[in-house]
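Both counts, for ligands and for their atoms, begin at 1 and track the order of listing. Keep in mind it's a predicted model, so treat the numbers as computed, not measured. What you see below is based on every heavy atom in this structure, not just the backbone, and it leaves out hydrogens, waters and symmetry mates.
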Amino acid sequence: MRHRIAVVGGGPAGLTLARVLHRHGYPVAVLERDPAPDSRPPGGTLDLHEGLGQLALEKAGLLAEFQTLSRPEGQAMRILDTAGTVLRDWRPHPDERANPEIDRGQLRDLLLGPLDVRWGREVTQVVPRTGDGPLVHFADGRQETFDLVVGADGAWSRVRPAVSPVTPQYTGVTAVETSLDDVDNSHPDLARLIGDGSVAVYGVNRSLGAQRNSGGHVKVYAKFRAPRDWHAGLDLADVEAVRSSLLALFDGWAAPVLDLLSHGTAFVHRPIYVLPESHIWAHVHGVTLLGDAAHLMPPLGAGANLAMLDGAELAASIAAGPEDLDKAVRAFEEQMWARASKWAKITTAGLERLVSPDPAEALALFEQVQPS
Ligand SMILES: Cc1cc2nc3c(=O)[nH]c(=O)nc-3n(C[C@H](O)[C@H](O)[C@H](O)COP(=O)(O)OP(=O)(O)OC[C@H]3O[C@@H](n4cnc5c(N)ncnc54)[C@H](O)[C@@H]3O)c2cc1C
């Protein structure tokens, strides 16, 4: 049975869906807004959990390749207080494979493999139709009909309005990201501070963290509670002005910790938005959502994992009952909603504890999820 299936978005959700469908012999059109795979920086590193992202890769037949590429040592997690004293220094056992790290670019290339992505195809709207399949509108004015359109187009999904009026809401927490290159040679003190994986420092309503990517690249994240317009009067493109403003926000913290903010040559503003913890919708014939488009939640190591498992499970559901596409999608949606709601509650509670008036909450959370 040959259905016309389109997945909007070539992120972890869309590519996993496409790759597992491809494995089952189903063609799928991946419609991606970016003009090319490397047209923008791919972002930081992702830890893929055994029962989530790794399970999805297993369903795609890619687990062995992931194990070769991933960094188990990247699971290491060090926590300091604002005076720079090490409070906790968790290192994985050499055989520990529960949550190894992989660079987003490596994961994307692994998933892309033989897929034929239509790059530079920005979708502006999807119109569900009862008699015919949904109609996809593109930014260049073109239109195309499919039997199933899957919105895997992330937080600000253009497919979502076809099934749900809900939009993401600001959590009250903002992240500002910067990067360091060649950390071992250029910033050896910071390399020692960060260790093999991540370092995090928790203060009152704010945190400063750094995470190793491959090749000596490091992402640094400053997170803090602030109104959405906290940067009023600050030019976010002015690197030195943003640096000064962040250093003022973390005033009084130990110099070796603040040094994480001293070398970045660009700062990216990432206010944290979420969808409601239980975002469900009345099933719409021929259209569904997965990944962040369906269940955007705080970035606490679950989003990409869930996105990938969504993709793998929707593909498996379609392959198991291709004669009734709608039934396959409904079955998938029920499964996704239950899992996503559970994780949305976990990550929302986690964000409250990690960017908290009481920094001891963050330490207690790590003791719970990663016992010493
Ligand atoms: C700082 C940070 C750190 C994180 N760390 C982790 C982590 O360690 N582990 C983890 O599991 N999760 C993590 N997450 C969450 C994770 O990044 C997301 O949950 C995940 O990327 C969602 O995947 P997705 O495929 O649903 O959406 P996305 O990754 O957002 O991909 C959407 C794709 O759709 C494309 N697109 C968008 N609009 C259109 C359009 N109109 N037409 C066509 N294409 C379009 C985009 O270009 C993009 O390629 C983190 C998030 C952040 C912000």
* Heavy atom of the protein closest to atom 1 (C) of ligand 1 (residue, atom name, distance) -> Tyr221 CE2, 3.7 Å
* **Ala307, any N or O under 3.5 Å of ligand 1 N or O** => no
* To do: Return the minimal non-hydrogen interatomic distance between Phe332 and Leu289, and the atom names on each side.
  => CE2-O, 3.9 Å
* Structure fact -> for atom 27 (O) of ligand 1, nearest protein heavy atom and its distance come out as Gly154 CA, 3.7 Å
* Under 4.0 Å from ligand 1, counting heavy atoms only, is it the side chain of Arg40, its backbone, both or neither? -> side chain
* Between Glu333 and His283, is any side-chain donor less than 3.5 angstrom from a side-chain acceptor? -> yes
* Asked: Does Ala302 come within less than 4.0 Å of ligand 1, judged by its heavy atoms?
  -> yes
* Asked: Can you name the nearest heavy-atom pair linking Phe250 to Lys223, along with the distance?
  -> CZ-O, 4.1 Å
* Quick check: does Asp47 get an N/O under 3.5 Å from an N/O on ligand 1? -> yes
* **Trace of the side-chain hydrogen bond (donor to acceptor under 3.5 Å, both in side chains) decision for Asp103 with His217** => CA-CA 10 Å; Asp103 287 7; His217 187 74; over 6 Å; no
* When the ring planes of Phe366 and Tyr202 are compared, do they come out parallel, tilted or perpendicular, using 30° and 60° as the limits? -> tilted
* **For Gly11, atoms of ligand 1 separated by under 4.0 Å from a heavy atom** => 25 (O), 31 (O), 33 (C), 49 (O)
* To do: Could you walk me through whether Leu80 and Thr85 pass the side chain to side chain contact (heavy atoms under 4.5 Å, CB included) test, one step at a time?
  => CA-CA 5 Å; Leu80 275 57; Thr85 309; over 6 Å; no
* **Donor-acceptor under 3.5 Å (Asn205 side chain, Gly203 main chain)** => no
* Can you find a side-chain donor-acceptor pair between His263 and Asp259 that sits under 3.5 Å? -> yes
* Asked: Looking only at non-hydrogen atoms, which of Lys223, Arg118, Arg158, Arg104 approaches atom 3 (C) of ligand 1 most closely?
  -> Arg104
* Asked: Quick one: are the ring centres of Trp281 and His279 less than 6.0 Å apart?
  -> yes
* Asked: Testing Arg104, Arg212, Glu101 for side chain to side chain donor-acceptor pair (under 3.5 Å) with Thr45, which one passes?
  -> Glu101
* Asked: Relative to the ring of His231, is the ring of His269 parallel (under 30°), tilted (30 to 60°) or perpendicular (over 60°)?
  -> perpendicular
* Asked: Between Leu306 and ligand 1, which part of the residue brings a heavy atom under 4.0 Å of the ligand: side chain, backbone, both or neither?
  -> neither
* Shortest protein contact, atom 46 (C) of ligand 1 (heavy atom only) -> Glu32 OE2, 3.6 Å
* Could you tell me whether some N/O pair between Pro12 and ligand 1 is separated by less than 3.5 angstrom? => yes
* Structure fact -> protein heavy-atom neighbour closest to atom 34 (O) of ligand 1 works out as Gly9 CA, 3.2 Å
* For atom 18 (C) of ligand 1, what's the nearest protein heavy atom and its distance? -> Asp292 OD2, 3.3 Å
* Structure fact -> If we number the atoms of ligand 1 from 1 as shown, the ones under 4.0 Å from a heavy atom of Ala152 are 32 (C), 33 (C), 34 (O)
* Would you check whether Arg33 has a nitrogen or oxygen atom less than 3.5 angstrom from a nitrogen or oxygen atom of ligand 1? => yes
* Considering only non-hydrogen protein atoms, determine which one is nearest to atom 36 (N) of ligand 1 and report residue, atom name and distance to 0.1 Å. => Asp153 CB, 3.9 Å
* Residue Gly301 vicinity, atoms of ligand 1 by number, heavy atom under 4.0 Å -> 7 (C), 8 (O), 9 (N), 10 (C), 11 (O)
* Around atom 42 (N) of ligand 1, find the nearest protein heavy atom and jot down its residue, atom name and distance. => Val123 N, 3.0 Å
* Numbered atoms of ligand 1 (with element) below 4.0 Å of Val8, judged on heavy atoms -> 42 (N), 43 (C)
* Under a 4.0 Å heavy-atom limit, does Ala155 contact ligand 1 with its side chain, its backbone, both, or neither? -> neither
* Asked: Taking heavy atoms and a distance under 4.0 Å, where does Ala175 meet ligand 1: side chain, backbone, both or neither?
  -> neither
* Structure fact -> The closest protein heavy-atom partner of atom 12 (N) of ligand 1 is Ala304 N, 3.1 Å
* Asked: Under a 4.0 Å N-O cut-off, is there an ion pair linking Asp95 with Arg97?
  -> no
* To do: Check the pair Asp47 / His49 against side-chain hydrogen bond (donor to acceptor under 3.5 Å, both in side chains), numbers first and verdict last.
  => CA-CA 6 Å; Asp47 61 316; His49 307 195; 3.3 Å; yes
* Any Arg121 heavy atom less than 4.0 Å from ligand 1 -> yes
* To do: Going by heavy-atom distance to atom 7 (C) of ligand 1, choose the closest among Asn305, Leu46, Asp310.
  => Leu46
